[in-house]
Amino acid sequence: MEFEERIRERIRAIPRGKVATYAQIAALAGNPRGARQVARVLHSCSGTAGLPWHRVINSRGGISLKRGRGFEDQKRLLAGEGVRVGRGGRVGLDEFQWQPGSVPSKGAKDFLKALESLGLRRRRRTRGHPS
DNA sequence: CCTATGACAGACA
DNA sequence: GTGTCTGCCATAG
């Protein structure tokens, strides 16, 4: 419950005209691997007025909602604040991704997590592929 | 304890 | 670029 609260705080902190990825929000909220929890929060965000849910997109720089199920709304809201949304809901992360000036850093741990969110510490488990 | 869920992310082919 | 598979983890029941 607490984690989801922090997620909402971070989403509220995204400035107009900028976007953040699910993983970025999760990392800033304290859990770099919590992207799916961000998804859960937004999935049931009715009742959470004032939450700029439309500024959260996926790591590929695209809108995750499907056509006819919110996609158009999100696209319009973003365009309304100056974010260019291209075909297929693509947004240029290089141009529009939110870069938080200061990190909350409740310790060195959070700082490292923030680094991961910036793609500077990707490091993930490899997987061996099934044929 | 268990299983299911989720607007995800990354690694492959 | 696309498609598929796996890793992930807090929450709810």
Side-chain angles (χ1 to χ4, degrees):
Chain A
M1 189 65 163
E2 157 129 17
F3 181 44
E4 296 194 346
E5 276 308 316
R6 294 205 304 274
I7 287 174
R8 277 185 278 270
E9 285 176 26
R10 290 309 178 181
I11 293 176
R12 273 188 287 265
I14 306 172
R16 263 183 71 94
K18 289 292 178 182
V19 298
T21 67
Y22 296 87
Q24 181 181 0
I25 293 299
L28 290 172
N31 185 346
R33 301 183 188 275
R36 308 201 69 164
Q37 282 69 268
V38 177
R40 283 174 54 87
V41 165
L42 277 89
H43 168 73
S44 49
C45 68
S46 50
T48 319
L51 194 75
W53 58 271
H54 58 282
R55 296 181 190 144
V56 185
I57 62 179
N58 62 37
S59 68
R60 284 104 177 158
I63 292 173
S64 285
L65 290 171
K66 309 226 167 91
R67 299 217 170 238
R69 292 192 300 158
F71 177 93
E72 290 82 359
D73 288 337
Q74 183 165 11
K75 179 173 179 179
R76 179 167 32 73
L77 285 167
L78 285 174
E81 33 186 77
V83 177
R84 287 201 316 276
V85 184
R87 255 189 99 107
R90 311 321 290 191
V91 173
L93 283 178
D94 293 329
E95 186 175 0
F96 295 106
Q97 183 172 26
W98 177 40
Q99 307 293 349
S102 61
V103 172
S105 69
K106 292 186 306 187
K109 232 167 60 171
D110 283 5
F111 186 71
L112 289 180
K113 289 170 182 173
L115 288 184
E116 282 195 18
S117 76
L118 297 176
L120 302 177
R121 211 174 120 79
R122 206 49 29 168
R123 181 185 52 163
R124 219 138 217 108
R125 174 181 328 198
T126 346
R127 137 182 131 72
H129 193 269
S131 281

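These figures come from a predicted structure and were not determined experimentally. Here is the naming used below: chain letters follow the sequence lines, and residue numbers restart at 1 for every chain.
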Handout entry: Interatomic distance at C1', C:dG13 relative to B:dA7, whole Å
Key = 23 Å
Practice task
Look at all strands and tell whether A:R69 reaches a base, only sugar-phosphate, or nothing, counting heavy atoms closer than 4.0 Å.
Solution key: nothing
Completion exercise
With A:P52 as partner, the option from A:K18, A:E81, A:R16, A:R12 fulfilling side-chain contact (heavy atoms from CB on, under 4.5 Å) is A:R12
Practice task
Going by the side-chain contact (heavy atoms from CB on, under 4.5 Å) test, name the single residue among A:H54, A:E72, A:K75 that passes it with A:I63.
Solution key: A:K75
Problem - Stepwise side-chain contact (heavy atoms from CB on, under 4.5 Å) test for A:N31 and A:R6 - result: CA-CA 10 Å; A:N31 185 346; A:R6 294 205 304 274; over 6 Å; no
Completion exercise
Between A:L78 and A:V19, the two heavy atoms sitting closest are CD2-CG1, 3.9 Å
Handout entry: Side-chain (A:Q97) to main-chain (A:G61) donor-acceptor, under 3.5 angstrom
Key = no
Practice task
Could you summarise the pairing of DNA chain B as dot-bracket text, marking Watson-Crick and G-U pairs under 3.5 Å with ( ) or [ ] inside the strand and | across strands?
Solution key: .|||||.||||||
Problem - Side-chain touch A:I25/A:V41, heavy atoms, less than 4.5 angstrom - result: no
Handout entry: Working for side-chain contact (heavy atoms from CB on, under 4.5 Å), residues A:L65 and A:D73
Key = CA-CA 10 Å; A:L65 290 171; A:D73 288 337; over 6 Å; no
Polar pairs (N or O, both sides) under 3.5 Å between protein and nucleotides 4-7 of chain B?
unit_1 : atom_1 : unit_2 : atom_2 : d
B:dT5  : O2     : A:R40  : NH1    : 2.7
B:dG6  : N7     : A:R36  : NH2    : 3.0
B:dG6  : N2     : A:Q37  : OE1    : 2.7
B:dA7  : OP1    : A:H43  : ND1    : 3.4
B:dA7  : N3     : A:Y22  : OH     : 2.6

Handout entry: Worked check of side-chain contact (heavy atoms from CB on, under 4.5 Å) between A:I11 and A:L42
Key = CA-CA 10 Å; A:I11 293 176; A:L42 277 89; 3.5 Å; yes
Exercise for the section: For C:dC9, take OP1 and OP2 only and decide whether either is under 4.0 Å from a side-chain N or O of A:N31. Expected result: no
Problem - Residues within residues 75-86 of chain A bordering DNA chain B, heavy-atom distance below 4.0 Å - result: none
